[in-house]
Amino acid sequence: MKSFLRIFALIIAILAGIMPMAASVFVIPVETEIDLGAFHHFRKALDEAHEKDCDLIVVKLNTFGGALDAADSIRTSLMREILPTVAYVDVNAASAGALIALACDSVYMAPGASMGSATVVNGSGEPMPEKYQSYMSTMMRATAEHHGKVMVGDSMCWRRNPEIAASMVNPEVSVSLTSTQAVECGYADGVAANLTDVLEQLHREDEIVEYYHSTLGDDILGFLSNAAVRAVLIMLILGGIYMEMHTPGLGFAAAVSLVTSILYFLPMLVAGGMPGWVLLAFILGIILIALELFVIPGFGICGVCGIIAIIVSMIGAMVNSDSISGVDFEAVGNALIVVGAGGALALIAILFLTSRFGPKFVRRHSELMTELKNSDGFVGVDMGPAKYVGQIAETVTEMRPAGKVSIGSTIFDAVSTGPFILAHRKVMVKKYENAQLYVEEYED
């Protein structure tokens with residue numbers, strides 16, 4: 001019996017040694033500009049942490065910020081997360097990065113790191129209008145209040161002072177906290193030299209740590225989520241629709257528009273944050289344009305409404321619905337800018353492709369490009385005699401009704417438009433059609 005127990009214990013030990021232990025700490029690096037691609041990575045990382053049965057999520061931050069809508073979506077995900085979350089500010093957590101740090105349950109900062117300066121700026125680095133600053137300030141305040149109050153002495157105080165969070169958005173002050181200042185005002189729970197130091201302060205230094213690593217598919221989705229790439233995709237979608245509406249049948253332009261539409265909506269579909277009405281609006285737009293192409297002649301209300309529906313769906317796809325802060329006006333503004341840029345690029349591309357400088361393989365489908373050569377049996381019509389219309393001529397032969405007339409020293413074949421005309425009578429050239437002069441008798 002003892003031998004059996006020893007063998008059983010040995011088997012258990014061997015299995016324990018060869019079987020991988022479940023990771024309990026999952027680290028999500030956020031070390032690039034925060035955009036929709038970063039949000040896709042972050043959301044997938046959270047799912048992976050749950051799949052691996054981790055019980056602590058660490059967000060390693062080193063970013064100067066980025067798009068407010070993407071940061072708000074990450075913030076929302078953290079505030080809804082059931083697992084405890086820790087932000088480790090390795091170097092810098094500015095603007096949208098500060099918003100993400102505040103959303104975590106605990107914050108640790110490296111010596112010399114900073115957090116704050118959440119003023120909303122445009123692409124040139126200049127502060128955005130007051131309404132954007134107010135929206136960001138409200139979001140920072142709400143994030144600080146989310147952590148509730150704690151008992152300090154005999155009174156209840158905010159765990160993270162909402163006034164400090166709101167002051168980070170003031171363009172005139174632009175508060176930014178060092179690691180020491182953040183600890184003093186309760187915005188950081190400690191100073192840690194590295195991630196190992198953070199885990200030691202949390203008494204979890206012996207636990208297995210796993211990092212999130214993006215896949216090639218994630219990187220592709222992140223690339224397709226880039227604003228510049230989106231503008232190019234919009235250009236191809238709108239340009240393809242326009243070219244298809246001006247060419248017979250379904251061809252290359254329709255294929256380009258279809259493929260780019262799939263690429264445009266793919267990141268939002270994979271992320272699952274796209275509202276259902278967006279896809280319905282896009283499908284409705286396609287149906288209306290199809291009716292315009294194949295059922296209703298000309299270009300009218302169906303075509304216009306179809307294009308409007310497609311543009312509205314493109315804007316809606318870029319405004320993530322996962323936020324708990326209401327309508328994100330900055331996201332709507334950014335979406336309008338991207339769609340407008342894509343529309344402008346489409347207009348420029350259409351003007352170039354349909355001009356005489358554009359490639360012939362594009363123009364031959366929307367205009368007559370075939371050259372009728374004499375060597376192929378085609379005969380050109382001489383339009384030179386058309387200049388004699390309205391002039392006086394003289395019949396050389398009788399016109400019964402065909403005959404010959406002279407204009408100056410040149411003799412032409414002609415046809416009488418009225419009764420027969422005798423020879424040597426004055427006639428007027430009335431028209432030139434089908435390489436033939438048509439005359440009628442002239443009365444002085």
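Note that the numbering runs from 1 along the sequence shown for the chain. Computed from heavy atoms alone, side chains included, the values below leave out hydrogens, waters and symmetry copies.
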**Message:** Using the ring-ring contact (aromatic ring centres under 6.0 Å, His included) criterion, which residues pair with F265? Sequence neighbours excluded.
**Reply:** F282
**Request:** Name all residues meeting the ring-ring contact (aromatic ring centres under 6.0 Å, His included) criterion together with Y212; count only those two or more places apart in sequence or in a different chain, and write none if there are none.
**Result:**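 In terms of ring-ring contact (aromatic ring centres under 6.0 Å, His included), with neighbours along the sequence ignored, Y212 is linked to no residue.
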Give me the atom names and distance for the closest heavy-atom approach of [X] to [Y].
| X | Y | answer |
| --- | --- | --- |
| P84 | L56 | O-CD1, 3.6 Å |
| L288 | C302 | CB-O, 3.4 Å |
| G285 | I310 | CA-CG1, 3.9 Å |
| C54 | F26 | SG-CB, 3.7 Å |
| V59 | C104 | CG2-SG, 4.1 Å |
| S257 | S261 | O-OG, 2.7 Å |

Do [X] and [Y] make a side-chain contact, defined as non-hydrogen atoms from C-beta onward lying under 4.5 Å apart?
| X | Y | value |
| --- | --- | --- |
| M140 | L102 | yes |
| L199 | Y88 | no |
| M168 | L99 | no |
| R141 | E163 | yes |
| S313 | V278 | yes |
| D55 | R204 | yes |

Atom pair [atom1]/[atom2] of [X] and [Y] - distance to nearest 0.5 Å:
| X | Y | atom1 | atom2 | answer |
| --- | --- | --- | --- | --- |
| H147 | R160 | NE2 | CZ | 4.0 Å |
| I164 | W158 | CD1 | CH2 | 13.5 Å |
| S73 | F42 | OG | CZ | 11.0 Å |
| L202 | D197 | CG | CG | 9.5 Å |
| Q201 | D189 | CD | CG | 9.0 Å |
| D90 | L195 | CG | CG | 8.5 Å |

**Side chains of T143 and R75, donor plus acceptor under 3.5 Å** = yes
**All side-chain hydrogen bond (donor to acceptor under 3.5 Å, both in side chains) counterparts of D105, not counting sequence neighbours** =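 If we apply the side-chain hydrogen bond (donor to acceptor under 3.5 Å, both in side chains) test to D105, skipping adjacent residues, the hits are T85.
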**Item:** Partners passing side-chain hydrogen bond (donor to acceptor under 3.5 Å, both in side chains) against S214 (at least two apart in sequence or in another chain)
**Value:**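 side-chain hydrogen bond (donor to acceptor under 3.5 Å, both in side chains) list for S214, sorted by chain: D219.
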Compile the donor-acceptor pairs under 3.5 Å between side chains in residues 229-238 and protein atoms, sequence neighbours left out, one pair per line.
none

**Asked** Can you list the steps and then say if I34 with I100 is a side-chain contact (heavy atoms from CB on, under 4.5 Å)?
**Response** CA-CA 10 Å; I34 298 171; I100 294 173; 3.4 Å; yes
**Item:** Exam field: side chain Y187 to backbone A165, donor-acceptor pair closer than 3.5 Å
**Value:** yes
**Message:** Between T63 (side chain only) and T32 (backbone N and O only), is there a donor and an acceptor less than 3.5 Å apart?
**Reply:** yes
**Request:** Could you tell me whether K430 sits above the aromatic face of Y438, with NZ or CZ closer than 6.0 angstrom to the six-membered ring centre and within 45 degrees of the axis?
**Result:** no
**Step-by-step side-chain contact (heavy atoms from CB on, under 4.5 Å) determination, E81 to H50** = CA-CA 10 Å; E81 180 56 53; H50 285 275; 2.7 Å; yes
**Contacts of type side chain to side chain contact (heavy atoms under 4.5 Å, CB included), residue A309, not counting sequence neighbours** =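 Partners of A309 under the side chain to side chain contact (heavy atoms under 4.5 Å, CB included) test: none.
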